[in-house]
Protein chains: 2
Amino acid sequence: MPRVKQFDENEVLAKAMNLFWKQGYSATSVQDLVSCLGISRASLYDTFGDKEQLFKKCFALYRKCNIESLTKFFQSHPNVKNGFSDLFNIAIQEAVHDKEKKGCFVVNITTELIPNDETLLQVLESNKRDIENLFYEYLKKGKEKGQLKTDKDLKSISSLFYTIYSGIKVVSKIEANKKELKDSVNIALSLLV
Amino acid sequence: MPRVKQFDENEVLAKAMNLFWKQGYSATSVQDLVSCLGISRASLYDTFGDKEQLFKKCFALYRKCNIESLTKFFQSHPNVKNGFSDLFNIAIQEAVHDKEKKGCFVVNITTELIPNDETLLQVLESNKRDIENLFYEYLKKGKEKGQLKTDKDLKSISSLFYTIYSGIKVVSKIEANKKELKDSVNIALSLLV
DNA sequence: CATAATTTGGAATGAAAGTTCCGAATACTT
DNA sequence: AAGTATTCGGAACTTTCATTCCAAATTATG
C-alpha cells in the first residue's frame with residue numbers, strides 16, 4: 001500500500017551527523033540540513049522529528065560506531081603497548097588528514113552544549129565511563145599477560161589516556177602538527193612500562 | 001561637551017566574556033547580552049561594534065588575563081615540579097568548584113568555531129604557541145637549576161602538558177571528579193623526574 | 001487498473017535573530 | 001545658564017530561524 005521511502009534513512013542520518021559534527025548544533029540550521037541531506041523539510045520532520053531529535057539520533061550513531069570500533073580495535077591488538085601506540089597514532093593520522101578540521105564529535109558537543117543540556121550530560125557521562133572501562137579492561141588484560149610491569153594504578157592511567165585523547169582532539173583542531181603530536185604522545189606512552 | 005558613558009567599559013566587557021564563556025558564541029543572542037550586561041542595545045553597538053567584534057574583544061581579554069596570570073604564576077613558583085603540580089591541581093580545583101561548568105573559554109571556542117573562522121584560528125595558533133613556550137621556558141629553567149634530571153625532550157613535554165591541560169578542561173565539564181582527576185594528573189607528573 | 005496510503009517540494013507561519021534608527025535625556029564646555 | 005555632543009531606551013526593520021501545512025506526485029496492493 002504505502003509509497004516507500006525514496007532515501008536510505010541511515011545514509012541520510014550519516015550525512016546529518018557529519019554536518020552537525022563539522023558545524024556544531026547551534027550553527028547548523030534546518031535549512032543547512034535540508035540542503036545537505038538531499039531530502040525535503042517534510043521528509044526530515046516526518047522521519048526524524050525535530051532538529052533536536054535528529055541531532056540526538058546522530059549523536060547516538062556516532063557513539064555506537066565509536067564504541068564498536070574501539071572494542072574491535074582492542075580485540076585485534078593483543079599487545080597493549082602497541083595497541084595504545086597505534087590508537088593514538090591513528091588519532092593523529094586522522095587529525096593530520098582531516099581537511100575539514102572536524103575534530104571529535106563528542107568533544108565538540110561536550111564543550112558546546114554542557115552545561116546547557118541535562119539529558120546530553122547523562123549520555124556523555126556514560127560515554128566517558130564506557131570508554132574508560134574499555135581502556136581499563138584492556139590495560140588489565142595486558143598486565144595479566146605480563147605485557148605491563150608498571151605498578152601504577154590502571155584506573156588512573158585509563159582516565160589520563162582518555163583526557164589525553166580528548167586533548168588531542170582539541171589541540172589538533174588548532175594545529176595538526178604530526179611530529180609534535182607524535183613526540184608528545186610517545187612521552188605519554190612511556191608511562192606504560 | 002560630551003555626555004560621559006554611564007558604565008564601565010571593562011566591567012561590561014567582563015560580563016559579556018562570562019556569558020560567551022558559559023553559552024558559547026552561537027547560543028548567545030544580542031538580546032541575551034543586553035539583558036545580562038545592563039546596557040542598552042544602542043550602547044552595546046556604539047561601544048563594541050556588532051556581536052562578532054564584541055566577542056573578539058571578550059576573547060582577547062580572556063587571553064590577556066590568562067597569559068599574564070600564567071607568567072606571574074611561574075615567576076612565583078621557582079620549583080618546576082611543584083609549579084606544574086600546583087598548576088594542574090588548581091585547574092582541578094577550579095573545575096570541581098565550577099558550578100556553572102563553564103570549562104575553558106579557549107577550549108570551548110576552539111571546538112565550537114574551528115574550522116569555520118579563519119581569523120580566530122590565527123589567534124588560537126598564537127595562543128597555543130605562547131602557552132607552550134611559557135611551559136617550555138619554565139621547564140628549561142628548571143632543568144638548568146638541576147630540578148629536572150629527565151633527558152626527555154622538553155618541547156614534547158610542553159606540548160603534552162598543553163594537551164593534557166586542554167583535555168582536563170573538556171573531561172571536567174562532563175564529570176569533575178576530584179580524586180580521579182588528581183590521580184591521573186599525578187601519573188602525568190611522574191614524567192617529570 | 002484503480003484505489004489508497006504515504007512521501008515530497010515548496011509555500012506559509014510566527015517567533016527570534018542581528019542591526020539600525022530616532023527622539024528624549026544627559027552632562028560637559030563656553 | 002545655554003548650547004551641544006553624546007548616550008540611552010525602545011521601537012522599527014530585515015533576515016533567518018524552526019516548524020507546520022497542503023496539494024501534487026508516487027507506488028504497492030486489491
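Proteins come first, then strands; the chains are lettered A, B, ... in the order of their sequence lines, and each starts at number 1. These figures come from a predicted structure and were not determined experimentally.
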Query raised in the report: Reckon Asp46(A) touches a base, only the sugar-phosphate, or nothing at all at heavy-atom distances under 4.0 Å?
Result: base

Report summary line: Per-nt protein contacts along nucleotides 10-15 of chain D (heavy atom under 4.0 Å; B base, S backbone sugar-phosphate only, - none) come out as BB----

Report summary line: Atom CZ of Phe48(B) and atom C1' of dT7(D) are separated, to the nearest Å, by 14 Å

Requested in this report: Classify the angle between the aromatic ring planes of Phe48(B) and Phe7(B) as parallel (below 30°), tilted (30 to 60°) or perpendicular (above 60°).
Outcome: tilted

Report task. Grab the CG-P distance between Leu54(B) and dT19(C) for me, whole Å please. Result -> 10 Å

**Report entry** Sidechain N-carboxylate O distance under 4.0 Å for Asp117(A), Lys56(A)
**Finding:** yes

Query raised in the report: Taking atom C1' of dT20(D) as reference, at what distance in whole Å does atom CG of Leu44(A) sit?
Result: 13 Å

**Report entry** Donor-acceptor pair, side chain of Ser85(A) and main chain of Lys81(A), under 3.5 angstrom
**Finding:** no

Query - Gln31(B) CD - dC17(D) C1' separation (whole Å) - result: 16 Å

Query raised in the report: Taking CZ from Phe20(A) and P from dA18(D), how many angstroms apart are they, rounded to a whole number?
Result: 9 Å

Query raised in the report: Which pairs count as side-chain hydrogen bond (donor to acceptor under 3.5 Å, both in side chains) when at least one residue sits in residues 138-157 of chain A, sequence neighbours excluded?
Result: Asp153(A)-Ser156(A)

Report task. May I ask you to check if Lys51(B) and Phe20(B) form a cation-pi contact, with NZ or CZ under 6.0 angstrom from the six-membered ring centre and within 45° of the axis? Result -> no

Requested in this report: Measure the distance from CD on Glu52(A) to P on dA18(D) and round it to the nearest whole Å.
Outcome: 12 Å

Query - Between P of dA18(D) and CG of Asp50(A), the distance in whole Å - result: 10 Å

**Report entry** Thr111(A)/Val170(A) under side chain to side chain contact (heavy atoms under 4.5 Å, CB included): CA gap, chis, key distance, verdict
**Finding:** CA-CA 10 Å; Thr111(A) 52; Val170(A) 175; 5.9 Å; no

Query raised in the report: Between dT20(D), dA17(C), dT20(C), which nucleotide has the shortest distance from any of its atoms to the side chain of Tyr45(A)?
Result: dT20(D)

Requested in this report: For Thr28(B), report the nucleic acid contact type (base, sugar-phosphate, nothing); a contact means any heavy atom under 4.0 Å.
Outcome: sugar-phosphate

**Report entry** Check: Gln122(B)/Ser126(B) side-chain N/O donor and acceptor closer than 3.5 Å
**Finding:** no

Query raised in the report: Hey, is the side chain of Ser43(B) poking within less than 4.0 Å of OP1 or OP2 on dC8(D), counting only N and O atoms?
Result: yes

